[in-house]
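Before any comments, here is the structure.
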Amino acid sequence: MTKRRIAAAAIALHFFFVINVVTHLHDWTTRHAQLWPVAMLTNYYSAITFSNRNFGFFAPQVTGDWNLSMTMTDVHGRQRPFSFATPNSEMQFKLYSLLGHFTESDTAMDLFARSWALKAMNENRDVRRVDVVVTQNYIPTMKEWRDGKRIEPQLFYRTTFDVP
Amino acid sequence: MFRNLLRRAEAWFTAPGSPVPLAWFRIAVALFCLLNTFIIRSYILDLYGQYGYVQWAITRATLYSGLPHIGNIALALKPFGVSADQTVYILLAVWLFAIVGLLAGIYTRSMAVLTLCIHYLWMHAGGGLVYGMDIFTHIALLYTMLMPCGDALSLDVLLGRRKSEPSVAAGVTRRMLQLHVCIVYTSSGLEKAAGIQWWNGEAIWRSLMLPVFNQYNFGWLAHVPWLAMAIGWSVIVIETGYGFAVWFRGTRAIWIGLAIAMHLGIGIFLGMWTFAAIMIILNLGAFGHDLAQQLAAGNRFETFSSPAALQ
């Protein structure tokens, strides 16, 4: 009987965490200091199991995707591009996800950009400067498309990293 | 009356179930993980390495305190002369060993725990690269760990380590998966319904036109906006209605068919084949057995007004 009750409690807790997030109740608990244990446990459960997440992908709207381009400048001032390998659609989607996470905050943007610049420099030891540019594709509405407007990249983020 | 209702709900939830559908789910998930690993095999260090697309320093900093990170394992192995990159490859070898063990169904529960743990490490090492496919793969692995999925179609049964017989654990864990899948679809549908783009067709238009997903020339769709709108509405109906329709014999086959068709559409028109595959696996893992039994019994057209319609 005890084993049964423990299992029942564990299952109930699992679905509490799931429903807590999908109903956005979790957003409410994070705003109330007295409910921080609930919020904290929900966050930890999500970080471990990923089972209690907001499953509304592409919701409520579909944002434009992004393009990442990096230009390396070597010790002689010569420039060449650096890009992440996307040989198949799976790697393209991973890069798309990466850029999506990149845009989550200003801090994330700077940290990610620094990470990419470091990768470029690690793989190209003669490089002394890396310019990171991220553009976001403006997707015209169906009406704009009929009026002749087309997809165009718009500057989203730009930064430069130098080796001192 | 409430106690009676609770008793009936408990009886429904804890009814013993066959381990065979769980075994098929285990096999499908293991094969999917193998396929996925094969697809990204040349880019393991870029995705999960210390100096990959997102450095460990960043992914470690964003992880909640106290939770393990692949960097912790690298630090633990460093005194033995193992580098960070070698740590990743060691984990990859252990991952493949565990997946094959899960597929074969040998020491199944231990292999399921091991795969889930390593997938957790991949998820956080490559934190910036995670998308829906990865999340649902992790959920699928969580359920293979919870389920007695080694109780059928496994070496554990062949070697006499496990008995292949119906159990309450098999029934309960499959019910859990069913409820979880229903919550996923219904919440996803409601989130979409909260935005205007899914009602006016712009979400379908934008998804098809995004360069990252663009498989075919869909410029013509702008001239038939009603089609994009109809597809958007159908997605909302399929997802929001899933959590209700899938429980009734009269609508189960239709709704599972619609959900699978939707995911096949995502694979064909957006190129998201791995996402489509894991969602189909979760669908069939949750409700495939009930659907198969229903179709075998030849009562797929039984209406839900009949007492037997609600299983």
Side-chain angles (χ1 to χ4, degrees), chain A residues 4 7-8 11 14-15 18-19 21-23 40 43-44 47-51 53-67 84-85 87-98 100-102 108 111-112 114-116 118-119 122 137 139-146 151, chain B residues 36 39-40 42-43 46-47 51-55 58 63-64 67 120 123-124 126-135 138-139 142 172 176 179-180 183-184 187-188 190-192 194-198 201-203 205-207 209-213 219 221-223 225 228 271-275:
Chain A
R4 200 179 166 92
I11 292 168
H14 168 76
F15 282 107
V18 173
I19 290 168
V21 173
V22 300
T23 57
M40 184 193 70
N43 287 336
Y44 270 77
I48 295 166
T49 69
F50 287 85
S51 61
R53 293 249 148 175
N54 185 334
F55 298 114
F57 305 112
F58 276 3
Q61 59 192 18
V62 180
T63 55
D65 58 345
W66 304 269
N67 312 295
F84 294 149
N88 53 48
S89 58
E90 190 59 33
M91 290 302 290
Q92 283 170 10
F93 299 143
K94 293 235 181 263
L95 182 60
Y96 167 75
S97 304
L98 179 64
H101 289 294
F102 161 84
L111 280 174
F112 277 39
R114 184 181 299 272
S115 195
W116 301 335
L118 185 62
K119 183 168 170 54
N122 276 343
N137 291 319
I139 311 294
T141 63
M142 286 186 277
K143 185 185 180 311
E144 287 173 337
W145 183 275
R146 290 194 300 272
I151 295 171
Chain B
N36 210 28
I39 290 170
I40 60 169
S42 303
Y43 306 96
D46 287 333
L47 297 173
Y51 297 110
Y53 295 152
V54 187
Q55 292 166 39
I58 296 171
L63 189 57
Y64 296 117
L67 290 180
Y120 158 89
M123 293 286 272
H124 288 290
L129 298 141
V130 163
Y131 73 104
M133 182 276 295
D134 301 291
I135 291 171
H138 199 79
I139 291 173
L142 175 71
V172 165
M176 286 177 67
L179 286 173
H180 207 141
I183 291 170
V184 164
S187 65
S188 176
L190 290 174
E191 294 278 351
K192 289 181 169 75
I196 186 65
Q197 285 187 0
W198 286 94
E202 288 294 334
W205 161 254
R206 292 171 69 83
S207 304
M209 295 303 288
L210 281 175
V212 67
F213 297 124
L221 190 62
H223 300 279
M272 297 182 77
W273 282 110
T274 52
F275 177 75

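Values below: every heavy atom of this structure, side chains too, minus hydrogens, waters and symmetry copies.
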Q | Flag side-chain contact, heavy atom, 4.5 Å: B/S187 against A/N54 | A | no
Q) chain A heavy atoms under 4.5 Å from B/H180: which part of the residue, side chain, backbone, both or neither? A) both
Q | Smallest separation among heavy atoms of A/V62 and B/S207, with atom names | A | CG2-OG, 3.6 Å
Q.
Is B/I39 close to chain A through its backbone or its side chain, or both, or neither, when contacts mean heavy atoms under 4.5 Å?
A. both
Q: Determine whether A/M91 and B/L47 make a side-chain contact, defined as any pair of heavy atoms from C-beta on separated by less than 4.5 Å.
A: yes
Q: Return the option, out of B/S42, B/A228, B/G195, with the maximum number of heavy-atom pairs under 4.5 Å with chain A.
A: B/G195
(Q) Once rounded to the nearest 0.5 Å, what's the spacing between atom CZ of A/F55 and atom CD1 of B/I135? (A) 7.5 Å
Q: Measure the acute angle between the ring planes of A/W145 and B/W205, then classify it against the limits of 30° and 60° as parallel, tilted or perpendicular.
A: perpendicular
Q) Just how far is it from atom OH of B/Y43 to atom CG of A/N88, taken to the nearest 0.5 Å? A) 7.0 Å
Q.
Would A/R114 and B/I58 count as a side-chain contact (heavy atoms from CB on, under 4.5 Å) here? Give the steps.
A. CA-CA 10 Å; A/R114 184 181 299 272; B/I58 296 171; over 6 Å; no
Q | Interatomic distance, B/Q55 atom CD to A/W116 atom CH2 [nearest 0.5 angstrom] | A | 12.0 Å
Q | Heavy-atom contact with chain A under 4.5 Å, split by part of B/M272 | A | both
**Q.** Contact winner vs chain B - A/R53, A/H14, A/E144, heavy-atom pairs under 4.5 Å
**A.** A/H14
Q | Smallest separation among heavy atoms of A/S115 and B/G52, with atom names | A | OG-O, 4.1 Å
Q: Specify which of A/I139, A/L95, A/V22 makes the most heavy-atom pairs with chain B at under 4.5 Å.
A: A/I139
Q) Aromatic rings B/F213 and A/F93: how do their planes relate, parallel, tilted or perpendicular, breaks at 30° and 60°? A) tilted
**Q.** Residue among A/T63, A/N122, A/I11, A/N43 with most heavy-atom pairs under 4.5 Å to chain B
**A.** A/N43
**Q.** Shortest non-hydrogen separation from A/I151 to B/M209 and the atoms involved
**A.** CD1-O, 3.4 Å
Q) Of the non-hydrogen atoms in B/H138 and A/I48, which two are nearest, and what is the gap between them? A) NE2-O, 2.9 Å
Q. Rounded to the nearest 0.5 Å, what separation is found between the OH atom of A/Y96 and the CG atom of B/L129?
A. 14.0 Å
Q. Taking B/H223, B/K192, B/E202 one by one, which has the highest count of heavy-atom pairs under 4.5 Å against chain A?
A. B/E202
**Q.** Residue, of B/G127, B/G271, B/P211, B/G132, that accumulates the most heavy atom pairs under 4.5 Å with chain A
**A.** B/P211
Q | Donor-acceptor contact present, side-chain B/W198 to main-chain A/F58, <3.5 Å | A | yes
Q: Tell me, out of A/S89, A/P87, A/G100, who's got the most heavy-atom pairs with chain B below 4.5 Å.
A: A/P87
Q.
How about CZ on A/F15, more than 12 heavy atoms from neighbouring residues, nucleotides or ligands closer than 6.0 Å, or not?
A. yes
Q.
Any non-hydrogen side-chain atom of B/R206 less than 4.5 Å from a side-chain atom of A/Q61?
A. no
**Q.** Heavy-atom pair count under 4.5 Å with chain B, highest-scoring of A/E90, A/K143, A/Q92
**A.** A/E90
Q: Specify which of B/N36, B/I40, B/V184 makes the most heavy-atom pairs with chain A at under 4.5 Å.
A: B/V184
Q | From CA spacing to verdict: ring-ring contact (aromatic ring centres under 6.0 Å, His included), A/H101, B/Y131 | A | CA-CA 10 Å; A/H101 289 294; B/Y131 73 104; 9.9 Å; no
Q. What residue, out of B/P225, B/G201, B/G126, has the most heavy-atom pairs lying under 4.5 Å from chain A?
A. B/P225
Q: Flag the one option from A/V18, A/I19, A/T49, A/N137 with the top tally of heavy-atom pairs under 4.5 Å to chain B.
A: A/T49
**Q.** Closest contact, heavy atoms only, A/D65 versus B/V212
**A.** OD2-N, 3.0 Å
Q. Less than 4.5 Å apart, any side-chain heavy atom of A/K94 and any of B/D46?
A. no
Q: Provide the closest heavy-atom pair for B/A222 versus A/M142 in the form atom of the first, atom of the second, distance.
A: CB-O, 3.6 Å
Q | Greatest number of heavy atom pairs closer than 4.5 Å to chain A - which of B/L221, B/I196, B/L190, B/L142 | A | B/L142
